[in-house]
Amino acid sequence: MSEHDFQPITYDPRGVYLPGTGLEPGDLAALAPRLEAARAETLADVDLWQSHGPVPKEKDPLDAGFLTLPERLLADHAENGARSEVGRILATANRFNEHVDRAVVLGIGGSYMGAKALFDSCCHSYHNELSREARRHCPRIYFEGNNVDNDASQGLLDLLGRGPATDRDHRWGILVISKSGGTLETAAAFRIYLNSLRTSLGDTHKLGDFVVPVTGPSGKLYDLSQAIGCPEMYYIPDGVGGRFSVLTAVGLLPAAVLGLDILKLLTAAADMNRRFRELPVGQNPVLDYVGISHLMEVKRGATIRVLSTWSKGLESAGLWYDQLLSESLGKREHGATPITVVNTRDLHSRGQQHQEGRRDKLITNVIVDQPRRAPLAIGMSELDQDKLNEIGNKTLPDILSAAIRGTNEAYAEDRRPTADLHLPRLDEAALGQYFQMMMLATVVEGRLIGINPYGQPGVEGYKKHMNKNLRK
Ligand code: PA5
């Protein structure tokens with residue numbers, strides 16, 4: 001246990017030390033001075049950002065504000081209670097939840113993936129199908145505005161406002177999230193869903209009460225939200241980039257609407273900051289993860305980073321990291337390629353390639369040590385044609401453990417390196433640590449290889465051509 005009431009997540013890279021194809025003992029220690037320098041630079045960047053002084057060209061943009069965000073939000077909450085950012089988010093979520101039975105979250109990229117990761121990992125696997133009581137009076141939740149998929153959008157519209165808005169069970173609302181306030185996918189979806197919301201509310205309620213925007217302190221979405229008369233708006237603080245914004249209102253507001261413990265999320269992230277600042281290489285999950293991943297890339301050509309998640313609830317958390325790594329380090333022909341798999345599902349699809357394909361991968365298992373729910377046993381049956389009575393007393397977690405161990409053994413037999421990231425449980429404490437660990441690791445790795453992890457100039461290319469095609 002840490003000093004808090006949750007357990008730390010741990011990184012165990014023992015499976016990478018394999019003769020010929022993996023690392024050698026001492027490799028990480030030899031890299032330690034460079035890792036420590038990258039940590040020092042990452043922390044110095046926070047001071048530079050806070051000073052509002054001139055930023056050297058190679059560090060521009062410098063979005064180091066995410067790093068101390070958990071501590072700042074927690075201190076604000078301790079001091080200002082209900083008037084703090086977290087206090088306001090909790091109050092908005094309570095108000096919103098009292099009035100609606102469905103919430104549509106509009107956003108894309110960093111304005112979507114963190115909230116989706118929290119929903120998939122921390123909520124009931126069939127949240128939207130549960131009764132309102134079983135959902136603890138939280139709304140059903142849907143994610144849109146992250147694509148321009150006509151049929152998916154129509155499909156969701158089919159579900160919304162199917163009865164009179166005087167009945168709460170038929171009322172719905174929108175959380176619209178866009179830092180720039182101008183991203184086309186989100187803006188187009190907002191217009192479509194807002195029109196539908198206006199129609200479904202009729203003159204029973206004020207439209208603005210059913211829309212909560214999260215955006216920058218100016219811009220198109222800001223202006224539109226003012227025009228609609230939204231009584232509550234949240235701002236993404238300066239110096240926090242989109243994919244580093246999960247612990248701002250971008251992730252915290254949807255999480256609070258889902259009834260998740262956002263103070264625990266922040267406390268856990270702050271605890272990861274503490275470990276990052278204090279612990280030496282060899283005990284520091286952030287520096288060790290960066291060191292091992294980097295060494296495997298430069299020494300063994302492992303340019304593909306497989307995040308091998310061992311829980312269905314972690315798929316979106318893996319995709320969140322895919323975006324973080326791709327947009328941060330995929331620059332100037334650098335940056336490993338991230339891939340998320342979910343096992344045991346993908347052992348039956350990608351497994352063959354990981355076992356016998358090119359030796360260009362580092363597999364990092366993300367393992368949840370304890371399920372949240374009671375273990376389901378296979379059970380005994382008079383119909384033993386399936387020959388399962390032999391293992392009838394085993395549970396699904398027993399099978400999963402055997403699969404994890406077995407898969408690592410099979411990889412090791414063929415000298416395929418693996419590392420393990422252990423999450424004690426799938427909950428806010430684990431996700432808070434995980435988010436902060438991966439954001440820190442991405443920045444430290446950027447500093448290590450001389451790539452500015454902030455900004456995503458390459459994303460502009462498609463936007464330019466799409467707009468040209470659309471408006472000509
Ligand atoms: O990391 C980023 O900055 C991007 O992925 C953005 O989050 C994404 O493009 C969405 O941008 P916005 O929040 O401005 O709509």
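Count residues from 1 along the sequence. The basis for the numbers below is simple: all heavy atoms, side chains too, and nothing from hydrogens, waters or symmetry mates. For ligands, and for the atoms within them, numbers begin at 1 and follow the listed sequence.
- Applying the ring pair (Phe, Tyr, Trp, His ring centres under 6.0 Å) test to Phe244 and every residue at least two apart in sequence or in another chain returns Phe66, Tyr454.
- None of Val286, Val290, Leu329 except one satisfies the side chain to side chain contact (heavy atoms under 4.5 Å, CB included) rule with Thr442; the exception is Leu329.
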Show every donor-acceptor pair shorter than 3.5 Å between a side-chain atom in residues 207-221 and any protein atom, with sequence neighbours excluded, or say none if there are none.
| from | atom 1 | to | atom 2 | distance (Å) |
| --- | --- | --- | --- | --- |
| Thr215 | OG1 | Ser178 | O | 2.7 |

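- Using a 4.0 Å cut-off between charged nitrogen and carboxylate oxygen, Arg305 and Asp322 do not count as a salt-bridge pair.
- Note that CG of Leu314 and CG of Leu431 are 7.0 Å apart. Values are rounded to the nearest 0.5 Å.
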Distances only, to 0.1 Å: what are the N or O pairs between ligand 1 and the protein that fall under 3.5 Å?
| from | atom 1 | to | atom 2 | distance (Å) |
| --- | --- | --- | --- | --- |
| ligand 1 | 1 (O) | Arg243 | N | 2.9 |
| ligand 1 | 1 (O) | Arg243 | NH1 | 3.1 |
| ligand 1 | 1 (O) | Glu327 | OE1 | 3.1 |
| ligand 1 | 3 (O) | Gly242 | N | 3.4 |
| ligand 1 | 3 (O) | Gln456 | NE2 | 3.3 |
| ligand 1 | 5 (O) | Gly110 | N | 3.4 |
| ligand 1 | 5 (O) | Gln323 | NE2 | 2.6 |
| ligand 1 | 5 (O) | Glu327 | OE1 | 3.0 |
| ligand 1 | 7 (O) | Gly110 | N | 2.9 |
| ligand 1 | 13 (O) | Ser111 | OG | 2.6 |
| ligand 1 | 13 (O) | Lys179 | N | 2.7 |
| ligand 1 | 14 (O) | Lys179 | N | 3.4 |
| ligand 1 | 14 (O) | Ser180 | N | 2.8 |
| ligand 1 | 14 (O) | Ser180 | OG | 2.6 |
| ligand 1 | 14 (O) | Thr183 | OG1 | 3.4 |
| ligand 1 | 15 (O) | Ser178 | OG | 2.6 |
| ligand 1 | 15 (O) | Thr183 | OG1 | 2.5 |

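- Residues satisfying the salt bridge (charged side-chain N to carboxylate O under 4.0 Å, His left out) criterion with Arg275, sequence neighbours excluded, are absent altogether.
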